[in-house]
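In what follows, every chain begins at residue 1, and chains take the letters A, B, ... in the order their sequences are listed. Note: hydrogens, waters and symmetry copies are ignored here, and every other heavy atom, side chains too, is used.
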2 protein chains.
Amino acid sequence: MKVNLNKREPVYVQVVRHFKEQIAAGNYEPGQEIPSRRELANQLKINPNTAQRAYKEMEEQGLIFTEGNNPSRITKDGKVIGTVREELIIQAVDAFITSIRPINIPVDDLVGLIKEKYTEIERNTRGDSNDRS
Amino acid sequence: MKVNLNKREPVYVQVVRHFKEQIAAGNYEPGQEIPSRRELANQLKINPNTAQRAYKEMEEQGLIFTEGNNPSRITKDGKVIGTVREELIIQAVDAFITSIRPINIPVDDLVGLIKEKYTEIERNTRGDSNDRS
DNA sequence: ATTTGTGTATTATATACTTAATACACCAAA
DNA sequence: TTTGGTGTATTAAGTATATAATACACAAAT
């Protein structure tokens with residue numbers, strides 16, 4: 001488990017997105033246990049309260065659920081899980097288009113740059129698992 | 001002059017990027033006057049202090065210069081101007097790759113989505129000027 | 001001379017986020 | 001029974017940002 005935290009965005013938001021990414025990439029099974037608040041806080045070197053806030057957010061969004069005082073778990077709702085991936089992709093593409101739009105670069109040049117960067121990364125991670133926990 | 005301000009990012013950073021985009025798109029001539037701090041603040045409905053902070057930032061980056069108590073102007077340094085465009089593009093592409101990487105979507109699917117969104121916008125803005133001031 | 005508009009600077013207040021330090025109910029394991 | 005790990009909640013303090021309200025030197029226009 002490792003998350004590159006930036007300073008601009010609230011940490012709890014970044015933690016939520018991290019779990020969404022893990023779910024989207026299929027690295028979490030439905031119903032799978034996730035680390036406790038304190039455990040996560042230790043791993044990410046953040047405050048337990050911040051971890052709690054992230055989990056609370058995820059619970060409200062139906063991404064995880066908590067029974068009794070057991071560690072929270074990934075939702076078993078397949079519909080929710082299926083939606084996460086699409087949501088993340090659309091969000092990323094929209095943000096990108098919004099940021100690149102004012103510059104007026106030909107779409108083909110853009111595609112060229114993306115393919116270049118993207119495949120460069122794929123070369124570096126060939127054969128790797130997605131799970132960097 | 002219109003800037004869509006979001007709440008996450010500091011306003012002064014967004015203002016700086018706005019001017020960089022204008023420069024990159026060729027909507028500003030070298031040496032061209034830009035609005036005064038107070039004028040910009042009025043146009044964008046922000047605080048004059050925030051406008052001042054943005055201009056100070058731009059001045060430090062060599063994007064604009066100020067002589068006496070005249071309105072600031074876009075730099076005449078062609079090298080600086082030429083760099084802005086490339087910088088913005090690389091920055092946008094890098095941010096996009098970083099955000100989309102964990103999801104493991106095939107690059108061709110990604111390119112498809114981008115072309116779709118991008119050309120959709122181009123259709124809607126056909127014949128428009130870039131200048132939305 | 002006065003007014004107006006430049007850039008520039010200072011001080012104070014408000015908000016969002018993070019961290020810190022506890023606290024408590026619950027339950028399982030030793 | 002005690003210990004330790006769950007989730008959950010509260011209060012306080014610190015930081016960055018934005019806004020508000022001024023202030024001052026300077027210069028051009030009236």
Side-chain angles (χ1 to χ4, degrees), chain A residues 1-20 28-76 133, chain B residues 1-20 28-29 31-77 133:
Chain A
M1 174 89 58
K2 189 196 162 197
V3 183
N4 286 330
L5 297 169
N6 69 66
K7 289 171 190 171
R8 277 283 151 72
E9 223 171 349
V11 173
Y12 79 96
V13 172
Q14 299 181 56
V15 171
V16 170
R17 191 175 49 243
H18 166 74
F19 276 95
K20 286 184 177 177
Y28 273 127
E29 297 297 318
Q32 182 175 341
E33 268 193 10
I34 59 177
S36 77
R37 277 76 166 162
R38 292 172 178 86
E39 174 67 15
L40 183 77
N42 266 330
Q43 290 178 355
L44 304 189
K45 312 293 180 199
I46 62 175
N47 193 279
N49 299 326
T50 306
Q52 160 64 3
R53 182 157 184 189
Y55 278 23
K56 190 178 180 183
E57 182 81 15
M58 288 195 282
E59 189 128 26
E60 284 167 357
Q61 292 184 24
L63 257 66
I64 65 174
F65 66 98
T66 311
E67 284 171 343
N69 56 339
N70 302 307
S72 301
R73 297 171 175 277
I74 302 293
T75 182
K76 294 174 182 170
S133 58
Chain B
M1 174 88 58
K2 188 196 162 198
V3 183
N4 285 330
L5 297 168
N6 70 65
K7 290 171 188 174
R8 276 284 150 72
E9 222 171 349
V11 174
Y12 78 94
V13 172
Q14 299 180 55
V15 171
V16 170
R17 190 176 49 244
H18 166 75
F19 277 95
K20 285 184 177 177
Y28 273 127
E29 298 297 319
Q32 182 176 341
E33 268 194 9
I34 59 177
S36 76
R37 278 75 166 162
R38 293 172 178 86
E39 173 68 16
L40 183 78
N42 266 331
Q43 289 177 356
L44 303 188
K45 312 294 179 196
I46 62 176
N47 192 279
N49 299 325
T50 307
Q52 160 63 3
R53 181 157 182 190
Y55 278 23
K56 189 178 181 184
E57 182 79 16
M58 289 195 283
E59 189 128 27
E60 283 167 358
Q61 291 183 25
L63 258 66
I64 64 174
F65 66 96
T66 311
E67 284 172 342
N69 56 341
N70 301 307
S72 301
R73 298 171 174 275
I74 301 293
T75 181
K76 294 174 182 168
D77 185 339
S133 57

- Between the side chain of A:Glu57 and the main-chain N/O of A:Tyr12, is any donor-acceptor distance below 3.5 Å? no
note: A:Glu9, atom CD; D:dA16, atom C1'; distance rounded to Å ~ 16 Å
Rounded to whole Å, CD of A:Glu67 lies from P of D:dG5 at a distance of 23 Å
For side-chain contact (heavy atoms from CB on, under 4.5 Å), just list the numbers for B:Val15 and B:Ile46, CA-CA rounded to whole Å, side-chain angles, deciding distance to a tenth of an Å, and then say yes or no.
CA-CA 10 Å; B:Val15 171; B:Ile46 62 176; 4.3 Å; yes
query = Phosphate oxygens OP1/OP2 of C:dT6: is one of them under 4.0 Å from a side-chain N or O of B:Ser36?
reply = yes
Out of C:dC17, D:dT17, C:dG7, minimum distance to the side chain of A:Pro10 belongs to C:dC17
Tightest non-hydrogen contact, residues A:Ile74 and A:Phe65, listed as O-CE2, 3.2 Å
Encoded 5' to 3' (Watson-Crick or G-U under 3.5 Å; [ ] crossing; | other strand), DNA chain D becomes ||||||||||||||||||||||||||||||
If you define the side chain from C-beta out and look only at heavy atoms, does anything of A:Asn49 sit under 4.5 Å from A:Arg53?
no
Exactly one of A:Glu59, A:Glu33, A:Glu67 clears salt bridge (charged side-chain N to carboxylate O under 4.0 Å, His left out) with A:Arg73, and that residue is A:Glu33
Nucleotide by nucleotide, nucleotides 22-30 of chain C touches protein heavy atoms under 4.0 Å in the pattern (B base, S sugar-phosphate only, - none) -B--BS---
>> Can you classify the ring geometry of A:Phe19 versus A:Tyr28 as parallel (below 30°), tilted (30 to 60°) or perpendicular (above 60°)?
In response: parallel
Between CZ of B:Arg8 and P of C:dC17 the distance, given in whole Å, is 7 Å
When rounded to whole Å, the CG to C1' distance for the pair A:Leu40 and D:dT8 reads 16 Å
Taken to the nearest whole Å, NZ/B:Lys45 to P/D:dA20 is 12 Å
Q.
Quick check on D:dT19: is either OP1 or OP2 less than 4.0 Å from any side-chain nitrogen or oxygen of B:Thr50?
A. yes
Expected list for residues 53-62 of chain A near DNA chain D, using heavy atoms below 4.0 Å, is none
The reported gap from OG in B:Ser36 to CG in B:Asn42 (rounded to nearest 0.5 angstrom) is 8.0 Å
When rounded to whole Å, the CG to C1' distance for the pair B:Asn6 and C:dA16 reads 14 Å
Rounded to whole Å, CG of B:Asn42 lies from P of C:dG5 at a distance of 11 Å
dist B:Gln52:CD -> B:Arg38:CZ (nearest 0.5 Å) comes out at 9.5 Å
Rounding to 0.5 Å, atoms OG1 (A:Thr66) and CD1 (A:Ile34) come to a distance of 7.5 Å
Closest heavy-atom pair, A:Arg37 versus A:Ser72, reported as atoms and distance to 0.1 Å, is NH1-OG, 2.6 Å
Closest non-hydrogen contact found for A:Asn47 with A:Ala41 is C-CB, 3.9 Å
Whole-Å distance, A:Gln52 CD to C:dA21 C1', equals 16 Å
